[in-house]
Amino acid sequence: MAAIESVLQEQRVFAPPQALVAQAKISGMPAYEALCAEADKDYEGFWARQARENLAWHKPFTRVLDETNAPFYTWFEDGQLNASYNCLDRQIEAGLGDKNAILFEADDGTVTAVTYRDLLARVSRFANALKAKGVKKGDRVVIYMPMSVEGVVAMQACARIGATHSVVFGGFSAKSLNERVIDAGAVVVVTADEQMRGGKALPLKAIVDEALAMGGCEHVKSVIVYRRTGGNVTMQAGRDEVLQDLVAGQSDQCEPEWVGAEHPLFILYTSGSTGKPKGVQHSTGGYLLWASLTMQWTFDIKPDDVFWCTADIGWITGHTYIAYGPLAVGATQIVFEGVPTYPNAGRFWEMIARHKVSVFYTAPTAIRSLIKAAEQTPAVHPKQYDLSSLRILGSVGEPINPEAWMWYYENVGGGRCPIVDTWWQTETGGHVITPLPGATPLVPGSCTLGLPGVAVAIVDETGQDVPNGQGGMLVIKRPWPSMIRTIWGDPERYKSSYFPSELGGKIYLAGDGSIRDIKTGYFTIMGRIDDVLNVSGHRMGTMEIESALVANPIVAEAAVVGRPDDTTGEAIVAFVVLKRSRPTGDEAKQLALELRNWVGKEIGPIAKPKDIRFGDNLPKTRSGKIMRRLLRVIAKGEEITQDTSTLENPAILEQLKQAQ
Ligand code: PRX
């Protein structure tokens, strides 16, 4: 590994700034290598040390990793702790009570500061309110909230009493919410009257009402409604209550419920290859350990930092790097309600300047759209703002193309700030492959190297390692503390999705393709190897969208594929066969619009296909299998050069090439 610096001299490489190296938690490549070596030499010893040093345990663990029931691994199992205690009480005991935990900036620019002491009081009141509603340890609480202090409070309050939260992104439809509430068996839903985004009030409570009315949700005993806008909502007597009223009478003291390290902290639904989203279940101890450690390693968080992760709490990034990680290390963070383009596309830069943000973490899609905006409107170019407070930049959720990387590096980071391109997944709980800001020489477009203690590798279909320079499947060869524990209610699916028997049943299959640089071993991610799309950094299963389309009474058949998109990374293209004859012209346009909105209603606006094309049929083999690879070529607008001799109906290709 010592060769990396010299090899990289031949490439476009960006060394970490000396000032950063000097004070970084992991300072220089030798320090990184030493940690990797420590983990290699004594894996359990390494993790035990990290867990003791980084978490406060109510009861210390004596066992570290248990592999007897693989792939259902456990970590620190006989230890007891509480996530909310680790995030709040522990910071106050360390003298940080008056430090700002959250600087909340509302859509309209109003800023509210919440100290650690205030946050603990709010979490405790909410936790007591949940208890008053009968919520007990192990019960599930669905949180369908806007970006807000209350959203974080709701998550932390669940953790405080040992309830397992399941946050559903506020952009999901009533139907998606209904499915998640049922699957999780939730007893309470926490929501808001409305959410404010880009100057507009959008409904939340009305969607909860619709979701619960769809049936199957009889286990939901209460709906707690945060009054955000004061908008008109229907309150069902005996079931619904206003959050502000509910917490008003509650004590601001709440003894944390000590739980075993394996106690499920949360379930978060994510898309897979089949139509049904997977409820990814995370633990308390291992998950929180990694949230805390990666804040220190990847973001090199320091007491004076102002950290800002722009994700929504409805996604894993918002769980680990808003609701838990920053609080677990006693940082000050920004929580932002709005959107990057309101009141104008300079909002992010203006906020960085206003709050003196020093560590900024966002998604390539946001960067790409802000590049476009800055090109069109020079007044919102980041150069117009004082971004001198920044010291580290981060990227997450999708590959960042080298052009966007360079723009981010030069125009936002002023050429001074390392970019940590973090590869990870809902299932990994936290970062897995990422540069370290005070150590790793950066190459645009590469997420570089695995973090110490996570055995990331690339293998072929038989599970054999492939040499550098040869692509393959990204895997993690040993269990690690923050890994997914199971799929809620479906352990068989957990095994078959992530630990396929072809790979021996014990190696975690990430579902991404990857390649390592021949000389440096740096990883580059090549996208999903399954039927999962990545649209604006959001995971969408093609089958989920297909199921939504065929649920429409006019649709006979549908196939969904991805197509590269300059802004969103990938765009959704749907090929649709109607039960009636193929529409053309204006009628096709009208029906495409209707179907797009239909998918928006079925799943949520993020799943709306960008392009819908109608055919008399779909390209199929003689045995009736849809040839998706041909559809992918057509979606890209490229010529078909592959063999089409096995096709039942080759003429269909010409028809589908025509846009609707
Ligand atoms: O394909 C990879 C892509 O996002 C997938 C995980 O999506 P999700 O579970 O929603 O989590 C997103 C936030 C962690 C991965 O399988 N992905 C994530 N980060 C990167 C990435 N692809 C390339 N580079 C990344 N840095």
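In listed order, ligands and their atoms are each counted from 1. Hydrogens, waters and symmetry mates are skipped; everything else that's a heavy atom, side chains included, is used.
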*Asks:* List the closest protein heavy-atom neighbour of atom 6 (C) of ligand 1: residue, atom name, distance to the nearest 0.1 Å.
*Replies:* W424 O, 3.7 Å
*Asks:* Out of all atoms in ligand 1, which are within 4.0 Å of some heavy atom of I525? Include the element for each.
*Replies:* 22 (N), 23 (C)
*Asks:* Step by step, work out the side-chain hydrogen bond (donor to acceptor under 3.5 Å, both in side chains) result for T426 and Y269.
*Replies:* CA-CA 9 Å; T426 304; Y269 288 86; over 6 Å; no
*Asks:* Can you find an N or O of R528 that's nearer than 3.5 Å to an N or O of ligand 1?
*Replies:* yes
*Asks:* Which residue supplies the protein heavy atom nearest to atom 7 (O) of ligand 1, what is that atom called, and how far is it?
*Replies:* R539 CD, 3.1 Å
*Asks:* Using a heavy-atom cut-off of under 4.0 Å, does the side chain or the backbone of I400 touch ligand 1, or both, or neither?
*Replies:* neither
*Asks:* Quick check: does S395 get an N/O under 3.5 Å from an N/O on ligand 1?
*Replies:*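 S395 vs ligand 1: no N/O contact under 3.5 Å.
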*Asks:* Answer with yes or no after comparing the ring centroid distance for Y321 and F307 against a 6.0 Å cut-off, counting only values under it.
*Replies:* no
*Asks:* Please state which option from G430, G511, G397 has its nearest heavy atom closest to atom 19 (N) of ligand 1.
*Replies:* G397
*Asks:* What protein heavy atom sits nearest atom 25 (C) of ligand 1, and how far away is it?
*Replies:*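 Atom 25 (C) of ligand 1 sits closest to the protein heavy atom E398 O, 3.5 Å.
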*Asks:* Check whether any side-chain heavy atom of M295 sits under 4.5 Å from a side-chain heavy atom of Q333, and report yes or no.
*Replies:* no
*Asks:* For the pair L442 and W405, evaluate side chain to side chain contact (heavy atoms under 4.5 Å, CB included) and give the outcome as yes or no after the intermediate values.
*Replies:* CA-CA 11 Å; L442 307 171; W405 194 103; 3.8 Å; yes
*Asks:* Give the single entry among N534, T426, V396 that approaches atom 11 (O) of ligand 1 most closely by any heavy atom.
*Replies:*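 Considering heavy atoms of N534, T426, V396, the nearest to atom 11 (O) of ligand 1 sits in T426.
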*Asks:* Could you see which bit of P399 sits under 4.0 Å from ligand 1, with heavy atoms only: side chain, backbone, both or neither?
*Replies:*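 Near ligand 1, P399 shows its backbone as well as its side chain.
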*Asks:* What residue and atom, counting heavy atoms only, is the protein's closest point to atom 13 (C) of ligand 1, and at what distance?
*Replies:*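 Going atom by atom, the protein heavy atom closest to atom 13 (C) of ligand 1 ends up being T317 OG1, 3.5 Å.
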*Asks:* Can you tell if the side chain of I634 reaches within under 4.5 Å of the side chain of F575, non-hydrogen atoms only?
*Replies:* yes
*Asks:* Note the single closest protein heavy atom to atom 15 (C) of ligand 1, along with its residue, its atom name and the distance in Å.
*Replies:*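 The answer is D512 OD2, 3.4 Å.
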*Asks:* Flag the pair E570 and R528 as a salt bridge only when some basic side-chain nitrogen lies within less than 4.0 angstrom of an acidic carboxylate oxygen.
*Replies:* no
*Asks:* May I ask you to decide if F523's main-chain N or O and S514's side chain share a donor-acceptor pair within less than 3.5 Å?
*Replies:*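 No: the side chain of S514 does not pair with the backbone of F523.
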*Asks:* Here's a test for you: under salt bridge (Lys or Arg N to Asp or Glu O under 4.0 Å), which of R596, K175, K608 qualifies with E602?
*Replies:* K175
